[in-house]
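Labels below follow one simple rule: chain letters A, B, ... track the order of the sequence lines, proteins then strands, and each chain is numbered from 1.
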Amino acid sequence: MPRAALRAAEVSAAVLVLLAALQWAFAFSLFDGDFWRAFAFPAQGLGLFWRGLAATLEFTLIVIPTGLFFGFFWGWSRVSKWRFLSWPSGVLVEFLRGVPPLILVIFAYFFGTAFIPRGLDPFAGAIFVAAFAIGLHTAAYQAEIFRAGFQSVPRGQIEAGQALGMTSWQVMRQVVLPQSMRLSLPPLGNEFSNVIKDTSLLAAVGATELFGAGLEFSVRVPLSGHIDWLFLLWTAIAAGYFLVNFAVTRLVRALEGRLAVPGMEGAAG
Amino acid sequence: MIRVEGLHKWFGETHVLRGVDLEVAKGEVVVLLGPSGAGKSTLLRCINLLVEPDEGSVFLDGVRVNDRKIRPEWVRAQVGMVFQSFNLFTHLTALRNVTVGLTKVKKVGASEAERRGRALLDRVGLGDKLDAYPAQLSGGQQQRVSIARALAMEPKAVLFDEPTSALDPEYTREVLEVMTSLARDGMTMVVVSHEMAFARTVASRIVFMAEGEILEEGAPAAFFEAPKHKRTQAFVKTILE
Amino acid sequence: MEAAFETHAARRLRERRVALLDAAVALAIILIGVAGASYVFLEGRSVDFSYFTSTPYTFDDPVLRLFVGALAVAFLATLISFVLGLAIGFLTGWERAAGPHRVWARRRGLAGGARARHLALGGLRYGLRRFADFYVELVRGTPLVVQMFFIWEVVLLTAPPSWDIHTRSLVAGVAAMTFNTGGYQSEIFRAGISAVASGQLEAARAVGFHRLGAMSHIVLPQALRLVLPPLTNEFVTLFKASSLLFFIGVVEVTSLAKTLTNIDPKIFELFLLTTALYLLITVPASRASGLLERRYRIPGLGLGPGPRQSPRVGKGSPEN
C-alpha cells in the first residue's frame, strides 16, 4: 500500500475510533444539526465559530511577523561581539521566556488601557497591545532559534568569505544569512505552531477569537438544555486549531522544500 | 612582492610569532615546513590580514598593509587563500562559489563573472560540475573549486594552508597537479604543506619554522640534502623516513 | 617606526578600554530601560512596597503570603502532572520508538495457533503504537487550554457529588496538564531512545543481547542521560503552563493576580511580584537544564531542541 494512503487510512481510523469512544462515553452525536446551526451556521450572519476562526487568523498574522522582526534583531544582537547589544537583548529574552504568556497578556492589557490615545476604543486597542505582548513573547523564543542558526554556520566559511575580501556585512548577507535562514526554518515552524495556540490566551482579556468563541458559546449552552453540546463545542474548537496549525506547518514545510539545497541539513543540532 | 618584517603575534599569553622576517618575490613558490604549532598558519593569515599582527609590518608591493588606515578587505581581495577544510559555501553551486567574489567584491557584471567562472572551473578540470553543490562533490573536487574561487579574484599571490591535509590519498594527487600547473604559470604562492614530493619538485624556496621563528631557508635541494640548523636536521631526518 | 604604528602594549590597553566602555553602555541600557519602563507604567507615582504586606479586602492574609500559597498550588500541580506524565511519556515513548516500520517482529519457528497469536499481538501493538502517535499529534496540535476545558467538562459531569467545585477544577486541571505533558514527554523519550538505539542496538545484538536485554542494559541508561535536559525544559514549560489553570478557576498565581487587580489597582506592584515569582523558578531551572546538558553530554550524540522548545546554545559545525 502506498505510504500516503496508509497514513490517511490510519488517521481516519483513529479519528473514528476517538469519536465513537466519545459518543459512547458521553452520548452525543457529532451530527447534531441544532448544535451546528447554533454555533456555526445561524439564520443570519456568520456563525460564532467562523468569526472566532477569522479572529484567530487575524491575531496570528499580527503575532508571527512581530515575533520574526524582534526575534531576528534580538537573535542577531545575541551573537554580536558588542556587549551593549548582547546583554540587553539577553536580559529581555530571558525575561520574556521565563514568564508565562498569560501574565504578559493580562498585564499588557492593563497597561494598554492606560495608554491608548483618546478617540480610539480603549478595549479593542488594549487587546492589540496584548497581542503585541504575545508577539514579543514568541520573539524571545525566535531569538534563540535565530541565534542557534547563526552559530551553526561553519566558521571556516566565514573566514573564506573574509579571505575573498568581503566586508562583515557582505559575509553576513552572502554567507551567514542564506544558510542560517534555511537551518532555522524547521524550528521556526514549530514555534509558529506554538504561538497559534498562544493566541487563545487573548480570550482572557475579552477577545473573541476561536477559544473566546467557545467560552461565549459555553455560557449559552446550559440555557438551551443541551449539556452534551459542550463536548461537541470543544471538539469543534480543537479541530479549528488543528486546521490552522496544519495549514501553517504545511506552508512552512513547502517553503523548506523550495529553499532546500542538496547537502544542507535541516534543524540546527 | 610580499614582505614581512619583525612580525610578532600573541594569542592570550602564548607568543606564537616571534619576530618573523620573510620575503617572497613575484613568481616564487615558497613552501613553509615545520612541526605543528610552529606558527605557519598564523604567519599565512597575517599576510592576508585574517589575523592582525601585534607588532611588525606586512608589505604588499611595497605598501605597508597592516595599517589602521588601510581596509583589510582591499588587501584580501588581492591575495587569495585556499583552506585545509575547503570552506566552500554550502548553499551555492560550484559556479556561484567561484563567481560570488567577482560579483560582490570586485563588482564585475553577472555575465562576465559567469564567463570567467566557467573558464576557471574548466582550468581546474571541473567544467562539467558547474551546477553541483559542494555536498555533491568529492573532497578533491571541492578543493579544486576552492582554488578556482581564489583564482577568480585575479590575485597577486595565493596562500595555501595545508590544502591536501584533509583529503583522502586518492584526491591529493589531483589537487597537487592543479597547484603544480599554477606554479608553472608563474603564480606567486606561499604554501604550508606536508607534501614533501611537492616541496622538492615545485618549490623555489623552502622555509623552515619552529616555535614561531624561521630557523632556516634555502633551495629545496640544499635544504633536504644539507640542512644547517640542528633542529632542521632532526626534522628532515624524521620526514625522510 | 612610523608614528602611526601602535605598539602591542598600547593596542592591548586600547582594546581593554573599549571593552570596558562596551560593558558600561550595556549596563546603562539595561538600567535605563528598566527604570524608564517602570516610570511609564507607574504613571508618575512611586512603587508602593507596603502593598505586599497589606491584607486585601475579603482576604485573611497579607498579599505576600497569599502569593506564596498560590505558588505552592501551581508548583504542586506541576509536580504531580509531571510525574504522572513521566510514566505515560516513558511507556508510550518506548513503544513508539520501535518505529512504524517495525510492523511485526519476525520470529522463526512459529506455526499454527502460536503464529496467529503472535501476528495478532503484533498487529495490536502496531495499532496501539499508531494510536499513541495520534495522541501525541493531538496534544501538540491543540492548545492546552482547550484540552483543559474539555477535560474540565468531563470531570464536572462525572465527579462524585461530594467533591466541591474547587476540587473538581483542580483535579481537572491536573488531569489536563498530565494529558498534555504526557504527549510532549512521549516525544522526548521516543527521540532519546531512537537516537541511542539506532547505533547501539545493532552492536548490542552482535554481542549477544536479546532485544529486551539490549534495550534495558545498553540503550536505556544512555537514553536517560540524553532526555534529562529536554525533560527539565518540559518541567519549566509545564510550570509556566500552570498559569492556564486561571481559566478554570483554580487559585494559582495568575488568577490571584487578576483577582487582586480588581480589588486594589496596584497593577505595577502585582506585575512585579508575579513576574518575580515565576522568574524565581524558571530561570534557575533553565540554568540547571543547561548545566545538565553540558555535564551529561555524550559527544556525537545529540537530541537537538525538545519537541516544543527553542534550541539552546548551538555548538556550531563539526568543523569547530
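- Only the side chain of Phe211(A) comes within contact range of chain C, judged by heavy atoms closer than 4.5 Å.
- When heavy atoms are compared at a cutoff of 4.5 Å, Val99(A) approaches chain C by way of both its backbone and its side chain.
- Minimum interatomic distance between Lys240(C) and Tyr141(A) (heavy atoms only, all atoms of both residues): NZ-OH, 2.6 Å.
- Atom CZ of Arg83(A) sits about 13.0 Å away from atom CD1 of Ile29(C), to the nearest 0.5 Å.
- Ranked by non-hydrogen atom pairs under 4.5 Å with chain A, the options Ser243(C), Gly33(C), Ala285(C), Ser242(C) are led by Ser243(C).
- Rounded to the nearest 0.5 angstrom, Lys258(C) NZ and Tyr109(A) OH are separated by 8.0 Å.
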Derivation and outcome, side chain to side chain contact (heavy atoms under 4.5 Å, CB included), residues Arg140(C) and Asn190(A): CA-CA 10 Å; Arg140(C) 291 170 70 177; Asn190(A) 188 43; 4.1 Å; yes

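- No part of Phe150(A) comes within reach of chain C, as not one of its non-hydrogen atoms sits under 4.5 angstrom from that chain.
- Taking both residues in full, the closest heavy atoms of Phe107(A) and Ala257(C) are given as CZ-CB, 4.4 Å, listed atom of the first, atom of the second, then distance.
- In terms of heavy-atom pairs under 4.5 angstrom with chain A, the leader among Ile30(C), Val146(C), Asp22(C), Leu138(C) is Asp22(C).
- At a 4.5 Å heavy-atom cutoff, Ala28(C) makes no contact with chain A through either its backbone or its side chain.
- Atom CH2 of Trp234(A) sits about 12.0 Å away from atom OG1 of Thr142(C), to the nearest 0.5 Å.
- In this structure, chain A has no heavy atom under 4.5 Å from any part of Phe239(C).
- Contacts of Leu92(A) with chain C are absent, with no heavy-atom separation under 4.5 Å from either backbone or side chain.
- If you take OG on Ser200(A) and CZ on Phe247(C), they are separated by 6.5 Å, rounding to the nearest 0.5 Å.
- Looking only at heavy-atom pairs under 4.5 Å with chain A, the residue among Val253(C), Ile267(C), Thr282(C) that has the most is Ile267(C).
- Here Ile237(A) contributes atom CD1 and Phe149(C) contributes atom CZ; the two are 9.5 Å apart, rounded to the nearest 0.5 Å.
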Which atom pairs, donor and acceptor, lie under 3.5 Å between side-chain atoms of residues 270-281 of chain C and protein residues at least two apart or in another chain?
| unit_1 | atom_1 | unit_2 | atom_2 | d |
| --- | --- | --- | --- | --- |
| Thr274(C) | OG1 | Leu270(C) | O | 2.8 |
| Thr274(C) | OG1 | Phe271(C) | O | 3.1 |
| Thr275(C) | OG1 | Phe271(C) | O | 2.8 |
| Thr275(C) | OG1 | Leu272(C) | O | 3.1 |
| Tyr278(C) | OH | Glu252(C) | OE1 | 3.4 |
| Tyr278(C) | OH | Thr254(C) | OG1 | 3.0 |

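- Under a cut-off of 6.0 angstrom, the local environment of CZ in Phe73(A) is sparse, with at most 12 non-hydrogen atoms contributed by other residues, nucleotides or ligands.
- Distance alone, capped at 3.5 Å, places no donor-acceptor pair between the Lys197(A) side chain and the Val145(C) backbone.
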